[in-house]
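Please read all numbers here as calculations on a predicted model, not as lab measurements.
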Amino acid sequence: AARLEQAGAARVFRIPPAMLREDDAECRARVTREITLSLRAGTDTLVMIADEAAPNLRQGAALAQGLAALLAPAAGAAAGLFATGGETARALLARLGIPGIAMRCEIEPGVPLGITRGPLAIPIVTKAGAFGHDGTIENARLRLRGLLNGKD
């Protein structure tokens, strides 16, 4: 993620965990609108939960659910998805009503590329959080871009 940001390859949204825990619908709606506008403009958009000084790891599932709720209204503007972290990917897919993924290939070991099934049929890359290298996200982004541009 840091490499993508340093290269200016994506617009980055760092979502504070407090926003995902609190019930501030107006604030979340504003951020969702900004993410949607970025996606509609065709900009690669990276949304991640911001780091906390003293994270509570027991809140992982709740934060993933909160992030999925924040992103769901923007999903229609997305041409493709990359979801890292199994809990996050499960929460997002469930929230979007995606019952499964038709796998196409593996970008790197353990990093599959597929097409979502259900109401939103778009390319998706998933990756568990605890492995990969500092170029994995960029490799996935380029592969998705290639697929969307008919080169894959």
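The side-chain hydrogen bond (donor to acceptor under 3.5 Å, both in side chains) analysis of residues 1-15, with sequence neighbours excluded, yields the pairs R3-D134, E5-R14.
The CD1 atom of I101 lies 9.0 Å from the CZ atom of R117; values are rounded to the nearest 0.5 Å.
Among residues two or more places apart in sequence or in another chain, the side chain to side chain donor-acceptor pair (under 3.5 Å) test is passed with S38 by T45. Applying the side chain to side chain donor-acceptor pair (under 3.5 Å) criterion to D24, with sequence neighbours excluded, gives no partner residue.
Side chain of R145 to main chain of R141: no donor-acceptor pair is present (N/O by atom type, distance under 3.5 Å, no hydrogens or angles). Without hydrogens or angle criteria, T116 side chain to I122 main chain gives a donor-acceptor distance under 3.5 Å. Not a single donor-acceptor pair under 3.5 Å links the side chain of R40 to the backbone N or O of A78. When atom types are taken as modelled, the side chain of T36 and the backbone of T32 share a donor-acceptor pair closer than 3.5 angstrom.
Follow the hydrophobic side-chain contacts under 4.5 Å out from L96 and you reach I49 in the same cluster. Following chains of ILVMFWY side-chain contacts shorter than 4.5 Å, one cannot reach L46 starting from L39, and the two form parts of different hydrophobic clusters. The same ILVMFWY cluster, assembled from side-chain heavy atoms under 4.5 Å apart, contains both M103 and L92. Under the 4.5 Å side-chain contact rule for hydrophobic residues, M48 and M19 do not share a cluster. L81 and V125 fall into different hydrophobic clusters, where Ile, Leu, Val, Met, Phe, Trp and Tyr are joined by side-chain heavy atoms under 4.5 Å apart, directly or via other members.
The nearest pair of heavy atoms linking P123 to L148 is CG-CD2, 3.8 Å. Across all non-hydrogen atoms, the minimal contact from A91 to A64 is CB-O, 3.6 Å. The minimum heavy-atom distance linking G97 with P119 is given by the pair O-CD, 3.2 Å. Between R21 and Q59 the shortest heavy-atom distance is NE-OE1, 2.8 Å.
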Could you go through F82 and I137, starting from their C-alpha distance and side-chain angles, then the distance that decides it, and tell me whether this counts as side chain to side chain contact (heavy atoms under 4.5 Å, CB included)? CA-CA 8 Å; F82 175 87; I137 293 175; 3.8 Å; yes
I'd like to know whether I115 forms a side chain to side chain contact (heavy atoms under 4.5 Å, CB included) with I124, so could you lay out the CA-CA distance, the side-chain angles of the two residues, the decisive distance to 0.1 Å, and finally the verdict. CA-CA 6 Å; I115 306 296; I124 184 169; over 6 Å; no
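Proximity of C27 to E22: side-chain heavy atoms (C-beta onward) are nowhere separated by under 4.5 Å. Taking the side chain as every heavy atom from C-beta outward, I107 and K127 never approach each other to under 4.5 Å. By the 4.5 Å heavy-atom criterion applied to side chains, T43 and L37 are not counted as neighbours. You'll find the side chain of N139 reaches within 4.5 Å of the side chain of E108, heavy atoms only. You'll find the side chain of L4 stays beyond 4.5 Å of the side chain of V12, heavy atoms only.
E87 and R90 are not joined by a salt bridge, as no carboxylate oxygen comes within less than 4.0 angstrom of a charged side-chain nitrogen. The existence of a salt bridge linking R30 and E34 is confirmed by a sub-4.0 Å separation between a basic side-chain nitrogen and an acidic carboxylate oxygen.
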